[in-house]
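Presented below is the structure to which this report refers.
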Amino acid sequence: MTIYRDRADAGRALADRLAGLAGRTDLTVLGLVRGGVPVAAAVAERLAAPLDVLVVRKLGLPQAPEVAFGALGPGGVRVLNPELAERLDPDRIAEVVHRETVELERREQLYRAGRPPLSLDGRTAVIVDDGLATGATARASVAVARQLGAQRVVVAVPVGSVQAYTALAEVADEVVCLQRPEDFGAVSRFYEDFHEVPDEEVTATLSG
């Protein structure tokens, strides 16, 4: 089992595995907010690729918020899981969508800081996070990236559970996961420094 010093260390290890993508002109590296951004920054630097942020908000079931019936992304993108969404009262759906839209717009405004809206038309999107526990947010991000026009979607993480990796492999074009331990436990186990990434760190990383 490899223990990373911090997210930047994990990103450099991840970049080594992604070295074959270096030099591509259609590449965009996307950090998932918030913990994925420092990892993505190290990947983007090594690959000499543009770095951006992908703000995705899961739409959780009112009675079980950890279970997603859909997701929201920038530019009004909305992805629903019809099997779950069709069972819900439309008013409850509207309530959850409104709440998450407000938070998504707040984060988009904060993180984009005047930069143009995210466009992935015809691009290869490399979606980076600091780890995969359930993989629900990463799965949602793949759907959002496709709706934003991505031609190819790669999910890249330093560590993830076997179950999350398997589920993501069904929706992404490629999943790069450096470690898939059977006794996964939690993402934090694989980092010496796994501090909660504040908004200020995200904005500083994106502007730097």
**Audit row: Glu45, Arg12, side-chain contact (heavy atoms from CB on, under 4.5 Å) steps and yes/no** = CA-CA 9 Å; Glu45 183 178 6; Arg12 288 187 288 270; over 6 Å; no
Any donor-acceptor N/O pair, [X] side chain to [Y] backbone, under 3.5 Å:
X      : Y      : value
Arg87  : Glu83  : yes
Arg180 : Ser161 : no
Thr28  : Ala125 : no

Non-hydrogen atoms of [X] and [Y] that approach each other most closely:
X      : Y      : result
Phe190 : Phe184 : CE1-O, 3.6 Å
Gly35  : Asp130 : CA-OD2, 3.4 Å
Arg112 : Pro117 : NE-CA, 3.9 Å
Gly122 : Gln151 : O-OE1, 3.5 Å
Ala156 : Val126 : CB-CG1, 4.1 Å
Gly160 : Pro181 : O-CD, 3.7 Å

**Message:** Starting from Val102, can I reach Val55 by hopping between I/L/V/M/F/W/Y residues whose side chains sit under 4.5 Å apart?
**Reply:**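 Hydrophobic grouping puts Val55 apart from Val102.
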**Asked** Do you reckon Met1 sits in the same ILVMFWY cluster as Val162, going by side-chain contacts under 4.5 Å, direct or chained?
**Response**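 Shared cluster, no.
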**Message:** By the salt bridge (Lys or Arg N to Asp or Glu O under 4.0 Å) test, which pairs, at least two apart or in different chains, include something from residues 190-208?
**Reply:**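 Residue pairs passing salt bridge (Lys or Arg N to Asp or Glu O under 4.0 Å), neighbours aside: Arg34-Glu196, Arg34-Asp199, Arg106-Asp199.
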Mind checking what makes salt bridge (charged side-chain N to carboxylate O under 4.0 Å, His left out) contact with [X], not counting sequence neighbours?
X      : result
Asp9   : Arg5
Arg139 : none
Asp129 : none

**Prompt:** Does the side-chain contact (heavy atoms from CB on, under 4.5 Å) test come out yes or no for Tyr111 and Thr203, once each step is laid out?
**Reply:** CA-CA 5 Å; Tyr111 301 145; Thr203 53; 3.9 Å; yes
Supply the atom-to-atom distance [X] [atom1] to [Y] [atom2], rounded to the nearest 0.5 angstrom.
X      : Y      : atom1 : atom2 : value
Glu100 : Arg107 : CD    : CZ    : 9.0 Å
Glu105 : Leu72  : CD    : CG    : 9.5 Å
Arg146 : Ser141 : CZ    : OG    : 10.0 Å
Leu59  : Phe69  : CG    : CZ    : 4.5 Å
Glu86  : Ile93  : CD    : CD1   : 9.0 Å

**Shared-cluster residues of Leu148, by chain and number - hydrophobic side chains joined below 4.5 Å** =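 Leu30, Leu32, Leu54, Val56, Val77, Val79, Leu118, Leu120, Ile127, Leu132, Val142, Val144, Val153, Val155, Val157, Tyr165, Leu168, Val171, Val175, all in the cluster of Leu148.
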**Item:** Lys/Arg N to Asp/Glu carboxylate O, Glu103 vs Arg99, below 4.0 Å
**Value:**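 Salt bridge absent between Glu103 and Arg99.
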**Asked** Residues two or more places apart in sequence or in another chain: which of them pass side-chain hydrogen bond (donor to acceptor under 3.5 Å, both in side chains) with Arg24?
**Response**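 side-chain hydrogen bond (donor to acceptor under 3.5 Å, both in side chains) check on Arg24 returns Asp26, Thr124.
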**Request:** Could you check if a side-chain atom of Asp183 sits within less than 4.5 angstrom of a side-chain atom of Arg189, using non-hydrogen atoms only?
**Result:**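 Asp183 reaches Arg189 side chain to side chain.
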**Message:** So Pro50 and Arg123, do their side chains get closer than 4.5 Å, heavy atoms only?
**Reply:**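 Touching, per the 4.5 Å side-chain cut-off.
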**Request:** Verify side-chain contact (heavy atoms from CB on, under 4.5 Å) between Val53 and Thr205, making sure each step is shown before the conclusion.
**Result:** CA-CA 10 Å; Val53 62; Thr205 301; over 6 Å; no
**Asked** Yes or no on side-chain contact (heavy atoms from CB on, under 4.5 Å) for Thr2 and Leu178, after CA distance, side-chain angles and deciding distance?
**Response** CA-CA 9 Å; Thr2 300; Leu178 301 185; over 6 Å; no
